[in-house]
Amino acid sequence: MLRIDVPDAWWREHGSWLLAAHERWRARPEKARPLRVRCWLGSPLAGDSGYTPCTALEGALQCAVVALETGRTPDDVYHGIGEGYAAPTVPIVDVEVGGLPIPKSSILVAPRIAVEGTRWRRKKARAELLGVKQVLIAGGPYKSLNIPLWTCVTPFVDCFMVADEERLRALLPHVSGLGRDAARGLGCVLGFEVENIDEDRAWRVGSTLMRPMPLEWDGLGLCDPSTWERRDTGLRAPYWHHRVRREAAVPTWWRWSEALAEAA
Amino acid sequence: MNKTPVHLETTRAWLAYLLRALWHRIDWDAFQSDRRRGIAEEMSASLLPLAVSERSTLGWVRALATRFEMTLTSGDAHRWPASAIVPASFLPAGMPVDDVPDPKLEGTVLDDVRRVRWDVLVRWIDFEHLRLLVHENATFFVTFAQERVDGEEDLFEQRPAEPASKAWRPRLPAEMIAPRAYHAVWTCRSPIAHGADEKSGNVSMFRRQRQVSPIDGSVALVPFMSGNSVRGLWRDMLFSRLLGLLGVKAVDLPPDRVQAFFAGGSIEAGADTQRIDVAARRRARDLCPPWALVAGCIDRQIMSGMLRVHDVVLVCRENAWQLHRVMGAGVSYEDFFASLKPADDLTQLRLGVRQVHRDFDAADGVQMLMNTEGILPGSQLFHSFGVYALDGVPSLAKSCLSDLLNDFRGVGDVGAKTGSGPGRIAFDAYVPGPGADALPSGDEYVSFVEAHREELLDWVRKQNQPEPPAAPAKPGKAAPAGKKGARGAAAVEPAAAPATDDGAF
């Protein structure tokens, strides 16, 4: 389990469940195998383009582990950790590359029929309830909002991984949403199909890079440069965490094109 | 007529040239000068509402011609029925066309363009394509119709329809591991309105989103209600109910509390970063079950709620693939699909009038006509929600949720304009899906509020609150002296060396 700069006080309170979760949810080497997890979606998936083109499954699995082990939300549990990093273990195999454990898990890949969309997220101040004479809703603390979010409109997305299938299957019922704004309807999961596949497709399929990878990774030379770019990004969930951010190779695509599908 | 599948981009070109033909058939003398000046804007705003209110391309053209005084047939004013002059390269074999005489050289015809009558083009323009295109940008077509520019053919891509070898292979969900959720089917007792993302003149359209079918890969615009809107409604109900139980009014509370309760609060500068107030977070979540469910930003703490409210899905053909598993048990997918109507057959425009009472001396303003698109009464909507980590959620929060659902079922209002008729729904209690337990009764929540009334009142009024910890000092600086409750420099944990546990990877 990766632990970086975790304050002692926080670890004293949370270390025991994290270690227990590690034992309960880590990928057992003898049970790990290449899988394709198909996530059927009932609503568009909001992207996290700052980190990965679409988003990834590992973060949602981490949230499920936190919930199952503590009964609390990740923001409650991780308040107080400051800038430290101590994400819970999930049943996906980690392999160390460039000094950082990288999950054997691809980005969420949309089929070629997927299209782009926009979801406007609205927030409205209830001015009549505020008990003040005048309320400014164009700015300040009571500002009403209408914010556009980029979305991927698709009936399903696929995630390729090497994972402990039994433990993964036990965790998936606790993942009800993927991506941003899952509490407000986006990325609603209808269900998961887990399928054994012959080939490990987590990091590379043919010459297509399948997830953000450190530049030190040997396999990068086999990847078509048109499928990735070099930029600052997270390398494991939570992808926003600066402790796991590096300059890395990041896929520039989010759905299979004809060419990529043929390469795959 | 031998029609082959047509690519959306081809339809875009046909529609643009058709609209140009119709534009030139407008009887401008029929309009007063004010309306004449704004006709392009009016047409831009009306293309989409007309596409929604009509059921075919033919109906759409009829409605457009009626509204904008267009003459489609030949007669005194025109020698020909309305016809589009279209580049020959955009026209497929089999489409009936006429040659266009060369105006400069009598007796010859132009090679690169053909004349196509409006009724021919209408038969070739797929109505689903038309709806998608005017939804994407109606102004484009009106601008194109107004004026010809050199090289305008390049505005359109020419793509052949997808060959059968690359056609999408139908897929349907099979045996799935489903997340734990609760669902209900709402039946509309009156039209349901839910505002679209953009304005369309005096028509309030129903909100739609693009959806992709896993059966044939087609894209459709399907009405839906966002989970965010239902969550907002439930948030209002949760806190109205709480304040009612406590016997206080929102207007008597501190405005930032009201903003947090009814709109999720405001993220002020430094919220959640300067001050880590674990006690305040736990107090909010443990003392106030409604807050645990929907949360937001309170006392400078950004918190996530436990409730996952999903979008409301119209029970229609376009959504058959995702509803079959839950609503079509024992029925084949084909039969279930056939039993449903297309989404656009389930909406209608409803005319509203704002009268000016000129018989009153003080009357001002103008009479106004407006249309609101609503889901037809009798239609059904499927709704579901989940609770974050159902196993770990305290029973008190679940009891509060149960109380909310009873309240919601009793009120039975959703969407916009509920004050004037629309928005009435009826539904049976939410049903737990696979793996989810039935929710407990709401009694536990009501009893809890009674038992903790004084404590809750203090919290909602921000009275007798524990002093929040001070912001931690920046590295290298001492904590400000004499500040109450300051953890100061001591609050900054010493940085440990990077550490990993053995055997983790």
Side-chain angles (χ1 to χ4, degrees), chain A residues 1-9 22 26 40 42-44 64 67-68 70-71 73 75-76 79-80 82 89 94-96 101 113-115 117 120-126 129-132 141-142 153-156 169 172-177 182-185 188-194, chain B residues 166 168 173-181 197 209-214 217 219 226-228 231 250-253 255-256 258-259 262-264 266 268 276 278 281 285 302-311 313 321-322 386 388-389 391-393 435 493 495-496 498-501 504-505:
Chain A
M1 189 179 68
L2 183 64
R3 183 150 62 100
I4 306 172
D5 288 354
V6 177
D8 290 342
H22 175 71
R26 72 184 169 85
W40 285 91
S43 61
L68 288 171
T70 70
T73 54
D75 58 316
D76 274 3
H79 237 82
T89 305
D94 281 330
V95 176
E96 189 165 342
I113 54 171
V115 295
W120 289 85
R121 184 179 154 198
R122 304 164 182 171
K123 174 182 164 179
K124 191 173 149 190
R126 300 285 187 270
L129 300 177
L130 287 174
V132 290
Y142 308 115
V153 182
T154 176
F156 61 81
R169 283 179 178 273
L172 286 174
H174 303 279
V175 177
S176 62
R184 297 173 182 81
C188 169
V189 174
L190 299 175
F192 296 96
E193 289 169 2
V194 181
Chain B
K166 290 192 175 176
W168 177 251
E175 282 298 310
M176 295 197 299
I177 302 169
R180 299 172 178 195
D197 295 331
Q209 67 181 357
R210 287 171 142 204
Q211 277 184 207
V212 178
S213 163
V219 180
S226 71
N228 192 40
R231 197 172 187 271
V251 290
D252 297 330
L253 301 178
D256 60 339
V258 177
Q259 173 75 356
F262 292 94
S266 308
E268 300 162 51
I276 299 159
V278 177
R281 299 174 68 88
R285 216 182 273 283
I302 301 171
M303 301 171 67
S304 57
M306 292 180 165
L307 195 56
R308 302 277 184 268
V309 185
H310 305 155
D311 288 351
V313 175
W321 69 269
Q322 55 172 300
Y388 170 79
D391 293 342
V393 174
E493 301 291 347
T500 57
D501 280 3
F505 26 80

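Values in this document were obtained by computation on a predicted structure and should not be read as measured data. Side chains included, hydrogens not; waters and symmetry mates left out as well; all remaining heavy atoms used. Chain naming here is simple, since letters A, B, ... match the order of the sequence lines and numbering starts at 1 in each.
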- For Val115(A), side-chain contact (heavy atoms from CB on, under 4.5 Å) partners two or more places apart: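 Scan of Val115(A) (side-chain contact (heavy atoms from CB on, under 4.5 Å), adjacent residues dropped) gives Val153(A), Arg210(B), Val212(B), Val219(B).
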
- side-chain contact (heavy atoms from CB on, under 4.5 Å) against Ala250(B), all qualifying residues, sequence neighbours excluded: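 Leu129(A), Leu243(B), Val258(B), Phe262(B).
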
Which pair of non-hydrogen atoms, one from [X] and one from [Y], has the smallest distance, and what is that distance?
X	Y	value
Met306(B)	Gly71(A)	CE-O, 3.8 Å
Asp256(B)	Tyr142(A)	N-OH, 3.7 Å
Pro255(B)	Leu130(A)	O-CD2, 3.4 Å

- Item | side chain to side chain contact (heavy atoms under 4.5 Å, CB included) between Met303(B) and Asp76(A), intermediate numbers included | CA-CA 7 Å; Met303(B) 301 171 67; Asp76(A) 274 3; 4.1 Å; yes

- To the nearest 0.5 Å, how far apart are CD1 in Ile177(B) and CZ in Arg169(A)?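 It is 4.5 Å, given to the nearest 0.5 Å.
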
- Let me know if Lys123(A) has heavy atoms under 4.5 Å from chain B in its side chain, its backbone, both or neither.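 The side chain, not the backbone.
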
- Task: With a 4.5 angstrom heavy-atom cut-off, could you sort out which part of Val189(A) is near chain B: side chain, backbone, both or neither?
- Result: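 Both the backbone and the side chain of Val189(A) come within 4.5 Å of chain B.
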
- Should Asp75(A) and Arg281(B) count as an ion pair when the cut-off is N to O under 4.0 Å?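 Yes.
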
- Message: Please check: side-chain N/O of Glu175(B) versus main-chain N/O of Glu193(A), any donor-acceptor pairing under 3.5 Å?
- Response: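 It does not hold such a pair.
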
- Message: Has Asp197(B) got a side-chain atom pairing as donor or acceptor with Trp120(A)'s backbone, closer than 3.5 angstrom?
- Response: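 Side chain of Asp197(B) to backbone of Trp120(A), a donor-acceptor pair under 3.5 Å: no, none is there.
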
Among [options], single out the residue with the greatest number of heavy-atom pairs under 4.5 Å to chain A.
options	answer
Ala263(B), Ser304(B), Gly217(B)	Ser304(B)
Pro214(B), Ser213(B), Gly264(B), Ser226(B)	Pro214(B)
Pro173(B), Ala178(B), Ala174(B)	Pro173(B)

- Query: Which answer fits Gln259(B), side chain, backbone, both or neither, if we ask what part of it has an atom under 4.5 Å from a heavy atom of chain A?
  - Reply: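 Contact with chain A involves both backbone and side-chain atoms of Gln259(B).
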
